[in-house]
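Worksheet: one structure, shown below.
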Number of protein chains: 2
Amino acid sequence: MSGASGVSGVSGVHVTTLRRFNRYFTRRIGVLDDHYLGQDRPLGEARLLYEIGTGASLRELRTRLGLDAGYLSRMVRALEKQGLVRVTVHPADSRLRLAEPTPAGRAELAEQNRRADDLAEGLLRGLTETQRGQLTEAVAVTERLLRLAAITVRPVGAASPDARACLAGYAAELDERFPEGYAATDLVPPERIAALLVAYEEERAVGCGALCAPDAETAEIRHLWVHRDARGLGLGRRLLTGLERVAAERGHRVVRLDTHKVLKEAAAMYRSGGYTEIPAYDDNPHAGYWFEKPLTPAGTGPPGTH
Amino acid sequence: MSGASGVSGVSGVHVTTLRRFNRYFTRRIGVLDDHYLGQDRPLGEARLLYEIGTGASLRELRTRLGLDAGYLSRMVRALEKQGLVRVTVHPADSRLRLAEPTPAGRAELAEQNRRADDLAEGLLRGLTETQRGQLTEAVAVTERLLRLAAITVRPVGAASPDARACLAGYAAELDERFPEGYAATDLVPPERIAALLVAYEEERAVGCGALCAPDAETAEIRHLWVHRDARGLGLGRRLLTGLERVAAERGHRVVRLDTHKVLKEAAAMYRSGGYTEIPAYDDNPHAGYWFEKPLTPAGTGPPGTH
DNA sequence: CATAATCTTTGACTTTAGTCAAGGATTCGC
DNA sequence: GCGAATCCTTGACTAAAGTCAAAGATTATG
């Protein structure tokens with residue numbers, strides 16, 4: 001029916017299988033879901049209540065649900081009239097409104113949840129325990145890969161808000177994990193960052209990696225970090241190879257990096273990514289391993305995803 | 001958040017994973033899909049055009065899409081006015097109307113298809129070839145298990161339309177596969193069928209199996225069949241065990257069956273299901289193997305899915 | 001501190017989606 | 001061949017979903 005293989009190099013089998021699944025899934029599960037969750041309530045309101053969850057600003061809801069401001073305003077008002085949510089002014093910015101569920105709203109959310117659980121249970125009840133395990137496994141793999149596929153890695157200014165947010169997240173996490181702690185002042189100052197890549201999952205920054213250029217020959221990778229929510233997807237590796245490509249494009253011939261003794265997974269990733277351990281090249285008090293890897297000149301190999 | 005494990009015996013991990021996936025998938029893919037496929041057209045019309053495909057009766061469309069008759073009638077009329085479909089009277093039954101796409105409609109369908117392909121390709125492009133393979137595999141397993149979970153097996157009168165349709169499908173297929181052919185008159189007449197199970201996938205009969213009772217001691221399984229579209233799901237086994245349970249409930253102590261030399265897969269399934277080959281117990285000209293299996297009395301073991 | 005930008009509300013719409021019931025045209029079942 | 005059932009159409013609605021623009025209240029910015 002549809003073309004066997006596009007110019008993109010994506011095989012037609014994959015496209016066909018994914019499309020068939022998509023059709024099947026949205027038709028069967030999506031429909032059920034909408035029908036049961038909404039129950040006596042218009043779907044829009046049910047979804048809105050769900051997204052409000054334990055509380056959210058209208059602005060957030062507007063972008064998350066992609067709704068018109070006027071439409072949202074009215075729906076929130078409707079939920080408020082039904083006694084399901086309470087709307088307050090944001091304490092710091094009084095242009096913003098915050099919506100949070102009342103006890104009645106929470107009860108309704110719990111009921112929504114119960115029904116969704118029932119739905120899932122009903123589905124699984126038709127399978128043997130072995131099959132349930134297989135389904136869970138397959139579903140987890142699917143989700144992981146779909147998420148990974150949706151993440152884009154882009155170069156970003158080192159002083160941009162997304163970059164700062166990621167670096168702050170990085171520092172905060174290291175401060176937790178390092179016995180000696182980690183201060184924001186331990187970060188490389190923006191002006192010494194030669195390039196910075198940020199990974200975006202649906203416009204949300206979920207990881208970063210910086211490149212410094214101590215000299216023309218050598219590049220140094222620093223602050224490679226992936227947000228907790230996006231771990232286990234293979235994103236660290238993607239950021240790493242992305243940084244290597246940038247370094248190669250800029251004419252560097254070798255890339256080096258260090259990592260803390262505590263971060264065993266990181267060290268393992270570097271080793272399996274072609275890095276070899278070398279003697280200390282600086283006196284970074286947080287470093288426990290130093291690695292380097294020769295770069296193949298830019299232009300070799302296929303163009304990567306950007 | 002949600003209960004760890006319901007009374008149903010379905011573990012909470014499975015429920016949670018499935019729900020999370022459902023949420024993620026419908027939000028991310030479903031939304032995209034609707035948005036792209038519809039384009040300038042209301043979703044309802046786009047979906048209708050899609051379901052019309054190369055042609056379909058309004059009655060079929062109505063049940064497939066679950067629409068109100070009046071609503072459907074008007075939407076079809078709208079598509080007709082836009083020059084996308086043509087409606088004709090069914091040649092055999094002039095109550096029925098057939099809708100088929102005009103060249104313009106076909107062009108629009110092709111465009112829909114192209115966009116859906118693009119969407120899937122765009123998704124897959126973010127993955128390595130290995131990952132694409134993993135995704136395709138995981139997605140296939142998921143679909144297979146979700147389908148299987150949705151199939152119900154019910155006892156049905158041997159003369160009911162569903163039963164007749166299945167038996168006709170069975171006969172037609174055997175006629176194709178047996179070198180000596182198979183006539184509808186080779187089927188067991190309805191009055192000699194003691195019980196008949198039909199498997200339903202969303203109200204469509206996709207498999208059957210009959211039970212005869214030559215004597216109080218012995219039950220005989222016949223006409224076990226699964227529709228092509230529903231093969232590879234493990235449905236044959238489910239019908240088989242269902243029939244065995246019915247036989248046990250009726251007090252039979254042994255169940256027997258035969259199968260054609262050509263149907264190697266069937267023989268393999270019987271063997272792995274606890275059947276042992278025995279000498280011919282009748283002179284069925286189509287039989288090549290004869291099997292039997294002792295039954296454990298009813299009431300033993302957990303109650304099964306009905 | 002004026003001006004621009006942001007966030008929300010409100011009024012006035014339109015479009016989509018869907019329901020219900022009456023009735024005409026056929027076909028089925030006895 | 002007659003009544004029941006089936007399939008479709010039409011009229012008359014309702015509710016949900018969504019759009020657009022104007023305007024009020026704040027907050028950011030040069």
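Within every chain, numbering begins at 1; the chains are lettered A, B, ... in the order of the sequence lines, protein sequences first and strands thereafter.
Side-chain N/O atoms of R77(A) include one lying less than 4.0 angstrom from OP1 or OP2 on dT9(C).
With salt bridges taken as basic N to acidic carboxylate O contacts below 4.0 Å, one links R125(A) and E121(A). Ion pair R154(B)/E201(B) not flagged as a salt bridge, since none of the NZ, NE, NH1 or NH2 atoms sits closer than 4.0 Å to an Asp/Glu carboxylate oxygen. The existence of a salt bridge linking R115(A) and E111(A) is confirmed by a sub-4.0 Å separation between a basic side-chain nitrogen and an acidic carboxylate oxygen. Under the 4.0 Å criterion applied to side-chain N and carboxylate O atoms, R147(A) and E143(A) are not assigned as salt-bridge partners. Under a 4.0 Å N-O distance rule, the pair D162(B)/R204(B) does not qualify as a salt bridge.
Using a 4.0 Å heavy-atom criterion, one finds that R74(B) contacts the bases of the nucleic acid, with or without backbone contacts as well.
In this structure, T102(A) contributes its side chain and R86(A) its backbone to no donor-acceptor pair below 3.5 Å.
The rotation axes computed at either terminus of the helix from dC1(C)-dG30(D) to dC30(C)-dG1(D) lie 30° apart, taking five pairs at each end and rounding to 10 degrees.
Of the N and O atoms on the side chains of Y71(B) and R62(B), not one donor lies less than 3.5 Å from an acceptor on the other residue. Between the side chains of N113(B) and Y50(B), no donor-acceptor pair of N or O atoms lies under 3.5 Å.
In this entry the distance linking CG of L72(B) with C1' of dT16(C) reads 15 Å, nearest Å. Nucleotide dT9(D) holds its C1' atom 19 Å from the NE2 atom of H90(B), rounded to whole Å. Protein atom CG of L48(A) is 13 Å distant from nucleotide atom P of dT8(C), rounded to whole Å. L61(B) has its CG atom 13 Å from the C1' atom of dC7(D), to the nearest Å. The distance between atom CZ of R59(A) and atom P of dA5(C), rounded to the nearest whole Å, is 16 Å. Between L98(B) atom CG and dC7(D) atom C1' the separation is 12 Å, expressed in whole Å. The interatomic distance linking L65(A) (CG) with dT19(D) (P) rounds to 13 Å, in whole Å. In this structure, the CD atom of E80(A) is 10 Å from the P atom of dT10(C), given to the nearest Å.
Between Y182(B) and Y170(B), the ring planes are perpendicular. Angles over 60° get that label, and only those under 30° would be called parallel. Below 30°, between 30° and 60°, or above 60°: for F25(B) and F21(A) the angle between ring planes is above 60°, a perpendicular geometry.
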Report task. Go along nucleotides 21-30 of chain C 5' to 3' and tag each nucleotide: B for a protein heavy atom under 4.0 Å from its base, S when only backbone or sugar atoms are that close, - otherwise. Result -> -----BS---
Produce the list of close N/O pairs, under 3.5 Å, pairing protein atoms with atoms of nucleotides 14-17 of chain D; give distances to one decimal.
{"unit_1": "dA17(D)", "atom_1": "OP1", "unit_2": "G44(A)", "atom_2": "N", "d": "3.4"}

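Note that CZ of R41(B) and CD of Q82(B) are 4.5 Å apart. Values are rounded to the nearest 0.5 Å.
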